[in-house]
Amino acid sequence: MVTAVVMVGAAGGKSEPVAWVQGARRAATRDLLALLARQPGVERIILATPEAEGLADGSVDRVLHTAPGAIHTGETLARLVAEEEIRRLLYLGGGAAPLLSERALGEIVAALGSAERLVVTNNQFSSDWA
């Protein structure tokens with residue numbers, strides 16, 4: 001079984017355009033969380049965000065409240081892997097996969113759930129999900 005970790009920043013922003021973009025990311029995050037909740041191979045969903053309001057519903061098993069602003073993704077994931085004893089991790093930025101189909105996500109989850117050693121990512125140099 002796979003543990004999904006979704007990371008997204010706070011709502012709003014210092015300017016109206018930034019607030020629009022962040023609002024779109026958070027809307028995509030809500031869709032992504034719903035999509036993950038329908039995956040039989042996803043055992044747990046962890047949401048890492050400074051502001052969980054409007055995002056964390058019954059599909060989220062744990063909310064990790066992060067500091068506002070930039071965070072170190074690798075350090076945050078390493079901490080979660082250790083604390084939660086995660087063996088199979090699927091990391092996704094909240095706004096990273098708004099066009100990812102349920103079928104494609106299911107194939108990714110199935111591959112991760114059955115492999116002993118596997119990394120799947122959308123971009124090996126700057127992954128939005130891995």
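Positions are given from 1 along the sequence.
Applying the side chain to side chain donor-acceptor pair (under 3.5 Å) criterion to R79, with sequence neighbours excluded, gives E83. Under the side chain to side chain donor-acceptor pair (under 3.5 Å) criterion, Q39 pairs with no residue, sequence neighbours left out.
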Q) What's the verdict on side-chain contact (heavy atoms from CB on, under 4.5 Å) for L77 and I86, showing C-alpha distance, side-chain angles and the deciding distance? A) CA-CA 10 Å; L77 288 174; I86 298 171; over 6 Å; no
Q | side-chain contact (heavy atoms from CB on, under 4.5 Å) between T3 and E84, worked out | A | CA-CA 9 Å; T3 297; E84 299 289 328; 5.8 Å; no
Q: Would you check, one step at a time, whether the test side-chain contact (heavy atoms from CB on, under 4.5 Å) holds for L92 with L36?
A: CA-CA 11 Å; L92 302 113; L36 287 166; 4.1 Å; yes
Q.
Working note: E102 + E107, criterion side-chain contact (heavy atoms from CB on, under 4.5 Å); need CA distance, chi angles, decisive distance, verdict.
A. CA-CA 9 Å; E102 191 157 349; E107 291 171 1; over 6 Å; no
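I108 and L118 fall within the same hydrophobic cluster, defined by Ile, Leu, Val, Met, Phe, Trp and Tyr side-chain heavy atoms under 4.5 Å apart, directly or through other members. When the side chains of ILVMFWY residues are joined at heavy-atom separations under 4.5 Å, either directly or via intervening members, V60 and V5 end up in two distinct hydrophobic clusters. Linking Ile, Leu, Val, Met, Phe, Trp and Tyr residues whenever their side-chain heavy atoms come within less than 4.5 Å leaves V63 and M7 in two separate clusters.
Using a 4.5 Å heavy-atom threshold, the side chains of T49 and T29 count as separate. L55 places none of its side-chain heavy atoms less than 4.5 Å from the side chain of V6.
The shortest non-hydrogen separation linking A67 to I71 is O-CG2, 3.9 Å. The two residues A10 and P50 make their nearest non-hydrogen contact at N-CG, 3.6 Å. Here the closest heavy-atom approach between residue V8 and residue R26 is recorded as CG2-CG, 4.0 Å. Summarising the geometry of G54 relative to R30, their closest heavy-atom pair is O-CD, 3.1 Å, with the distance given to 0.1 Å. Among all heavy-atom pairs drawn from A130 and S127, the shortest one is CB-OG, 4.1 Å. A pairwise comparison of heavy atoms in H65 and A52 identifies CE1-CB, 4.1 Å as the closest pair.
If you take CZ on R87 and CE on M1, they are separated by 13.5 Å, rounding to the nearest 0.5 Å. Considering CG of L105 and CH2 of W129, their distance stands at 8.5 Å, rounded to 0.5 Å.
In summary, of the residues considered (L47, I45, L80), a side chain to side chain contact (heavy atoms under 4.5 Å, CB included) with R62 occurs for L80 alone.
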